Amino acid sequence: MLNHIHLPDPVEERFNALEEELRELKNRIRYPQTERESTLKIYNTFTGKKEEFIPIKPGEVGIYVCGVTVYDFCHLGHARGAVIFDVVRRYLESKGLKVRYIRNFTDIDDKIIDRAKKEGTTAEAVAKKFTDEYYKDMDRLGVERADVEPKATDHIDEIIEIVEGLIEKGYAYEIEGDVFFDISKFGRYGKLSKRNTDEMIAGVRVEVNERKRDPLDFVLWKASKEREPSWSSPWGPGRPGWHIECSAMSMKHLAETFDIHAGGKDLIFPHHENEIAQSEAYTGKPFAKLWMHNGFVNINQEKMSKSLGNFFTIKEILNVYDPEVVRFFLLSTHYRSPIDFSDRNLEEAEGALNRFYTTMERVDRFLTESAAGKGDESGGESSWLSDEINLFKNRFEEAMDDDFNTAQSLGHIFELLRSINRFLDKKEVIAEEGRAILKLASDTLKEKGKILSLFQRDSKEWVKAVKKVKGTTFSEEEIQKKIGERNEARDNKDWKKADMIRKELEKHGILLEDRPEGTVWKVKR
RNA sequence: GGCGGCGUAGCCAAGUGGAUAAGGCAGAGGUCUGCAAAACCUUUAUUCAGCGGUUCGAAUCCGCUCGCCGCCUCCA
C-alpha cells in the first residue's frame, strides 16, 4: 500500500551501485578497444582540477602562450614551455580542432633597456637580436611557428586604449606620468594564485613605492626617463608596464574571452594574476577560460634560472645533444612536474631514441628487402600485430587526452616497438602480409610521433646526426671502407683481424653490429 | 609567515579509489652470434616517505609527522 513512497535503503543503494559496476565491467569485456568517447581533460590552474575541455566555439580553439622577453639567449626552461605547448597545439589539431595559436614577444622592458645601455646599443636592436636567436633555437627544436607572433611595441595604441579605459572605469590612477592598477577595486584579485591580499601586504618582499595606493598595485604605464624608448600618451611620454601587453595582444588576436592561456608556473603570480585583473576590469567579461602552467626545469633539484645562474642555454645543450634528444627529454616527464636536467637524463633520452631508430632500421630493411623478393615463405600469423597497433592508437590517445600525458604516451610507443621487434624476430612471417602490417606499424608510429615532433627522421639520418653532434673523427666513407675490410676478414674467418678493426672503430666512437642482414654502424654514447 | 606542489624499484618515470603498480636505463639468466652488439624471452617494488583514519576496497581520499622544492622580487 505504501509502495509509492520510496525510502532510501542503504543495502539497496549499495546493491544498485554494484550492479552499475558490473554493467561497466561487462561492457569493458565486450567492447575492449572500440571507439572510446575521446574526452580531453586539461588541468586548469584556476580551478585546481582536471576539467573536460569544451571549446567556446565548437571545433575551434584559441590559445595564447606567454612567450619570452627578448633580452638574452633562451635557456632550457624556455625550451620546455615552447615544446610543451607546441605539443598541445599539435595534439589539438590532430583531434580535428581548428587551433588559433598566439605566442608573443615582449620586446620592451627594463631588462632590454638595461642591456641596451650596457652594450651601447638600442633596445630595439637588443630585441631584434634575441628574437632572431629565439627563432633559431626553436626551429632546431622542432617548435612550430605560432599563427600570430605579436610584439608589444606593435600594440602601443591598443595598450593605451585599455589603460585609458581602466582609468575611466575607476580601476586605475595616474601619478606623475605613471599609471597604476588599483587592486582594491578588483574584488577577485588573487583568485588564480590563491592568495589573499592582506597576507601579501604583510609579506616583506613586496616592493614599497610610496606613490602607490596599495603596495600590490602594479604599473600599467610607465613614464620614461630621458634617453629611454618612449611613446607619447595621454600621460606623457612613456612605455607599457609588464603584463598589459599580453592583455592587449590576446584580446586583439583572439577575443576578450578565449579558451586557453598558458605559460610557465612562475608566471602565475604576478603576471597572470595581473592580466586577469586588468583584462576583466576592462571588458567586464571573463578573460581566459583555462589556465595551463608548465613546471620548471631543475638542476640538482633547484629551479634553473637566470638569477641563480645555474642555467644552460639551448645552444650550449645543442652543441652536445641532438635536438631530438632534448625534445624527447623534455617530453619524458609530465609537463606539470619538475624535470631534472642532467647529462645522465639526456643520455637516457638519446638511448631511447637509439632504440626507436634501431627498430625502424630493421623495419625499413624488411620492407625494402622483402619487396625485392626475399623472405617470402608462407604461413605464420600476423594479425596479432595489427591488434597491437590498434591498441597502441587507443592508448596513445588516452594518454594524451589525460592532460597531455606525454610521458605515458612515450611509454606506449616503446610497448609497440617491442611488439614490432618480436614480430621481426619471427622467421615464419609472411612477406606480403607482414610487409603491409609493418608498414602500418611504422606509419602509425610516425603519425603519432608527429604530434610530439619526434621520430620523424630516417634511421640513417638519425645515426648521421648523432655522429655529427658527437664529433666522431671517421667519415662515413672511411667507416664503410673499414666495414668492407672487416667483412672480407670475416669471410676468411680471420677473426683476429676482424676484431681488431671493430676495436679500432670503437676507439673512435663507432660501434658495429653484425646483423643477419648485414653490418650496420652506430655512434657510441 | 602565507600559498602551492612533490616524495613510486639501483636510477629516470607513468599510474591519483577497484582487474596482474606502464615504459625506459642499469643488473641477472637464457635464445641468437665466430665472438660481440642489437633484438627477443625470463627475472628485478607483496608494495608506493612514515604513522593513523575513511572505505567492502587506498600508492590514489582525509589528518598528522618527516624530507625536498617552488611562488610571494625579474623569471618559462
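If you're wondering where the values come from, they're calculated on a predicted model, not measured in any experiment. Quick note on labels: first sequence line is chain A, next is B, and so on, each numbered from 1.
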> So what does R422(A) touch, heavy atoms closer than 4.0 Å: a base, only the sugar-phosphate, or nothing?
Replying inline: sugar-phosphate

Under 3.5 Å, is there an N or O donor on one side and an acceptor on the other linking the side chain of D514(A) and the base of C35(B)?
yes

Between CG of N294(A) and P of C71(B) the distance, given in whole Å, is 13 Å

Check: Which part of the nucleic acid, if any, lies within reach of L512(A) when heavy atoms closer than 4.0 Å are counted: base, sugar-phosphate only, or nothing?
Finding: base

- When you check the phosphate oxygens OP1 and OP2 of G15(B), does a side-chain N or O of N405(A) lie under 4.0 Å from one of them? yes

- Check ion pair R365(A)-E361(A) (N to O, under 4.0 angstrom): yes

With the threshold set at 4.0 Å, does a side-chain nitrogen-carboxylate oxygen contact exist between K136(A) and D132(A)? no

Rounded to whole Å, the CG-C1' distance (D494(A) to C35(B)) equals 14 Å

Rounded to whole Å, CG of D491(A) lies from P of U33(B) at a distance of 17 Å

The Watson-Crick or G-U wobble partner of U46(B), with both key distances under 3.5 Å, is none

What nucleic acid atoms does L267(A) come within less than 4.0 Å of, heavy atoms only: base, sugar-phosphate, or nothing? sugar-phosphate

Which is true for R486(A) with a 4.0 Å heavy-atom rule: it touches a base, it touches only sugar-phosphate, or it touches nothing?
base

So what does H412(A) hit on the nucleic acid, given a heavy-atom distance under 4.0 Å: a base, only sugar-phosphate, or nothing? nothing

At 4.0 Å (heavy atoms only), tell me whether E302(A) reaches a base, stays on the sugar-phosphate, or touches nothing.
sugar-phosphate

| task | Run the salt-bridge test on E488(A) and K497(A) with the 4.0 Å N-O cut-off and return the result as yes or no. | result | no

As its Watson-Crick or G-U partner within any shown strand, both distances under 3.5 Å, G1(B) has C72(B)

**Request:** May I ask you to say whether E273(A) pairs ionically with R195(A), meaning some side-chain N is under 4.0 Å from a carboxylate O?
**Result:** no

Hey, does the side chain of N421(A) come within less than 4.0 Å of C40(B)'s phosphate (OP1/OP2), counting only N and O? yes

A26(B) -> Watson-Crick or G-U wobble partner, both distances under 3.5 Å, gives none

Practice problem: Using a strict cut-off of less than 4.0 Å between a Lys/Arg side-chain nitrogen and an Asp/Glu carboxylate oxygen, indicate whether D425(A) and R362(A) qualify as a salt bridge. | Solution: yes

Donor-acceptor contact present, side-chain N44(A) to main-chain K49(A), <3.5 Å:
no

Across every strand shown, the nucleotide meeting Watson-Crick or G-U wobble geometry with A59(B) (both distances under 3.5 Å) is none

Please list every donor-acceptor pair under 3.5 Å in which a side-chain atom of residues 290-297 of chain A meets a protein atom from a residue at least two apart or in another chain.
unit_1: H293(A); atom_1: ND1; unit_2: T45(A); atom_2: OG1; d: 2.7
unit_1: H293(A); atom_1: NE2; unit_2: H272(A); atom_2: ND1; d: 2.8
unit_1: N294(A); atom_1: OD1; unit_2: G264(A); atom_2: N; d: 3.4

With a 3.5 Å cut-off and just heavy-atom distances, do the side chain of R362(A) and the base of A38(B) make a donor-acceptor pair?
-> no

If pairing means Watson-Crick or G-U wobble with both distances under 3.5 Å, then the partner of C6(B) is G67(B)

(Q) Ring centres under 6.0 Å, that's the criterion: do F356(A) and F328(A) meet it? (A) no

Distance col, row F85(A):CZ vs Y64(A):OH, nearest 0.5 angstrom, shows 13.0 Å

Here the distance between atom P of A37(B) and atom CG of D499(A), to the nearest Å, is 12 Å

Tabulate protein N/O versus nucleotide N/O from nucleotides 24-31 of chain B, keeping only pairs under 3.5 Å, one per line.
unit_1: G24(B); atom_1: OP1; unit_2: R418(A); atom_2: NH2; d: 3.3
unit_1: G24(B); atom_1: N2; unit_2: E348(A); atom_2: OE1; d: 3.2
unit_1: G24(B); atom_1: N2; unit_2: E348(A); atom_2: OE2; d: 3.0

* Asked: What nucleic acid atoms does V520(A) come within less than 4.0 Å of, heavy atoms only: base, sugar-phosphate, or nothing?
  -> nothing

> Do the two ring centres, one from F180(A) and one from F218(A), sit under 6.0 Å apart?
Replying inline: no

D402(A) side-chain N/O to K41(A) backbone N/O, donor-acceptor pair under 3.5 Å: no

Next item on the list: Tell me what G81(A) touches on the nucleic acid: a base, only sugar-phosphate, or nothing, going by heavy atoms under 4.0 Å.
Entry: nothing

Protein-proximity profile, nucleotides 4-9 of chain B, B/S/- by nucleotide at the 4.0 Å heavy-atom cutoff, equals ------

